[in-house]
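Have a look at the structure below before the remarks.
Below, chains carry the letters A, B, ... as their sequence lines are ordered, and counting in each starts from 1.
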2 protein chains.
Amino acid sequence: MTDWIADTPSLSALSPASKTRLGALQPMALPRGAVIFRPGDDVTGFPVILSGRVEVFLTGAGGRELLLYAVEPGQTCVQTTLGLLGGDASYSAEALCATDSRAILIPRPVFLTLMDSDPAFRQLVFTAFAERMGGMIQLMERVSFQSVECRLAAFLCNRAENGRVQATQSEIAAQIGTAREVVSRRLDAFARRGWVRTERGAVEIIDAPALRRLALAEGL
Amino acid sequence: MTDWIADTPSLSALSPASKTRLGALQPMALPRGAVIFRPGDDVTGFPVILSGRVEVFLTGAGGRELLLYAVEPGQTCVQTTLGLLGGDASYSAEALCATDSRAILIPRPVFLTLMDSDPAFRQLVFTAFAERMGGMIQLMERVSFQSVECRLAAFLCNRAENGRVQATQSEIAAQIGTAREVVSRRLDAFARRGWVRTERGAVEIIDAPALRRLALAEGL
DNA sequence: TGAACGAAGGTGACCTTGTCACAGACAAGG
DNA sequence: CCTTGTCTGTGACAAGGTCACCTTCGTTCA
């Protein structure tokens, strides 16, 4: 087993005592698609992602989904912090592994001890919290004030690798908080303008600058 | 001048040293309508509301507004915590006094000292943070998955005093994150069903149970 | 091998929301 | 009075969400 503490930059500032305490924990392997938690689950501990990517979704009545945020290596999950520190200790969102991942789960008592004893750990949790909150406010702004077209363009720009985005239209819809049908129609509109080409399970980007211009047109 | 620390329950658990430190600060009087901060302002300190009510809005391109959360006595502002602890130190939202209010502003250095030295203060800031985050997620859920009709009904139920809601339709629109015209039409629909009666600057509630049923119809 | 099934994507119809433009109603002060 | 600014109502239209249903692919498995 690798020394996961040394391999995780965000943990490097922790005190030696904290590292010792955490050293006893075993990383878990989580396959792509694994459910970390669902709405209503109890909070049993504080997960830290070591590798991979976990996505946290809100699910609405009609089955529509909205990506709240993604957790990447070294980051922590706010939903959990919320449960461990605040009032109600259950989740209101759903977390799924977007890729194969490894994570540790810090049990609640250990978490509380670290919070009280290690300023570096506090700092870690706090800045994670602050960043998430900022992200949530930006998300709020995008979802309620920006057009779907604009959000879609921004998404395509961000997720593109070698001019391609590997994702089904349903997935894209969940990421930007709209319905699949709308994504289908918007992508079609982009395609007719010659900006993209759609395939089953992927979108090929032809005119990235045009998309970027559109993404920036409506404010941030 | 009254002893504002003793009068604020949420501060009672602080250590004597913290109280001494805070005792030197002078409460500020803020009239209704006063602007606490605007987008782009720098974060100079950590405000704690002693009395009154402060509302924090997000403002979109077309001038549309959305109430993110309200700060009530003993509570603190997350936007600020975010600025003091996280990366970027400027606000992305706007805070207005909804009523005449009193507040203290804890200067940044004092805030940071208290965070490191007083577990009770930490607890205070942290739970405030956790509660806000929970509230933001609920807001997200309402704004992106619930109909305007439902949100409006819920708002009327919550804000009613003696069967009346004192607010202009513009204010209501900002509170539930929609456009004024839409509020006008929805209220009209409620009125035709005999549930409310509208006046200039107020809404009288006639059939509260009907509204409550509608508010609960689409999940929380 | 080919029938069947399920996931992904396309489309039309329809309703709800948001936007724009503008008009009437009302309150407070000159 | 008359004016001015705020509050409210309305029609027309565009954008987005929902529903129903169909087509097109891959995969599986009998």
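- Put simply, CZ on Arg151(A) is 14 Å from P on dA15(D), counting in whole angstrom units.
- Taking the six-membered ring where tryptophan is involved, the planes of Phe126(B) and Phe129(A) are tilted, since the angle between them lies from 30° to 60°.
- Rounded to whole Å, atom P of dG9(D) lies 12 Å from atom CD of Glu199(B).
- Not a single donor-acceptor pair, N or O on each side, falls under 3.5 Å between the base of dG18(C) and the side chain of Arg180(B).
- Using modelled atom types and a 3.5 Å distance limit, the side chains of Glu131(B) and Gln75(B) yield no donor-acceptor pair.
- Glu161(A) CD: 12 or fewer foreign heavy atoms inside a 6.0 Å radius.
- Across all strands, Gly201(B) comes closer than 4.0 Å only to sugar-phosphate atoms, never to a base (heavy-atom distances).
- The nearest whole Å value for the distance from the CD atom in Glu65(A) to the P atom in dG17(D) is 15 Å.
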Taking only nitrogen or oxygen atoms into account, show me every contact under 3.5 Å that the protein makes with nucleotides 24-28 of chain C, one pair per line with its distance.
unit_1, atom_1, unit_2, atom_2, d
dC26(C), O2, Arg200(B), NH2, 3.4

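- Following rounding to the nearest Å, Glu149(A) (CD) and dG17(D) (P) show an atom-to-atom distance of 13 Å.
- When only modelled atom types and interatomic distance are considered, Gln169(A) and Glu181(A) share no side-chain donor-acceptor pair under 3.5 Å.
- The residues Arg151(A) and Glu141(A) are annotated as not salt-bridged, no charged nitrogen and carboxylate oxygen being separated by less than 4.0 angstrom.
- The pair Glu199(A)-Arg197(A) does not meet the salt-bridge criterion, since no charged nitrogen lies less than 4.0 angstrom from a carboxylate oxygen.
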The dot-bracket string of DNA chain D, counting Watson-Crick and G-U wobble pairs with both distances under 3.5 Å, using [ ] for crossing pairs and | for pairs to another strand, is ||||||||||||||||||||||||||||||
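- Near DNA chain C, defined here as any heavy-atom distance below 4.0 Å, the residues from residues 182-191 of chain A are Ser184(A), Arg185(A), listed numerically.
- Within residues 152-177 of chain A, no residue approaches DNA chain D, by heavy-atom distance under 4.0 Å.
- With hydrogens and angles disregarded, no donor-acceptor distance shorter than 3.5 Å links the side chain of Asn162(A) to the backbone of Arg164(A).
- With rounding to whole Å, Glu181(B) atom CD is found 13 Å from dC13(D) atom C1'.
- Judged as a salt bridge (charged side-chain N to carboxylate O under 4.0 Å, His left out), and not counting sequence neighbours, Glu65(A) has no contacts.
- Of the possible donor and acceptor atoms, none in the side chain of Asp41(B) sits under 3.5 Å from a partner among the backbone N and O of Phe37(B).
- Checked by atom type, the side-chain pair Arg159(A)/Gln166(A) shows no donor-acceptor distance below 3.5 Å.
- With respect to the salt-bridge test (charged N to carboxylate O, under 4.0 angstrom), the residues Arg213(B) and Glu149(B) do not qualify.
- When side chains are defined from C-beta on, Cys97(B) counts as touching Ile36(B), because their heavy atoms get closer than 4.5 Å.
- Listed by first and then second residue, the ring pair (Phe, Tyr, Trp, His ring centres under 6.0 Å) pairs involving residues 38-82 of chain A are Phe46(A)-Phe111(A) (not counting sequence neighbours).
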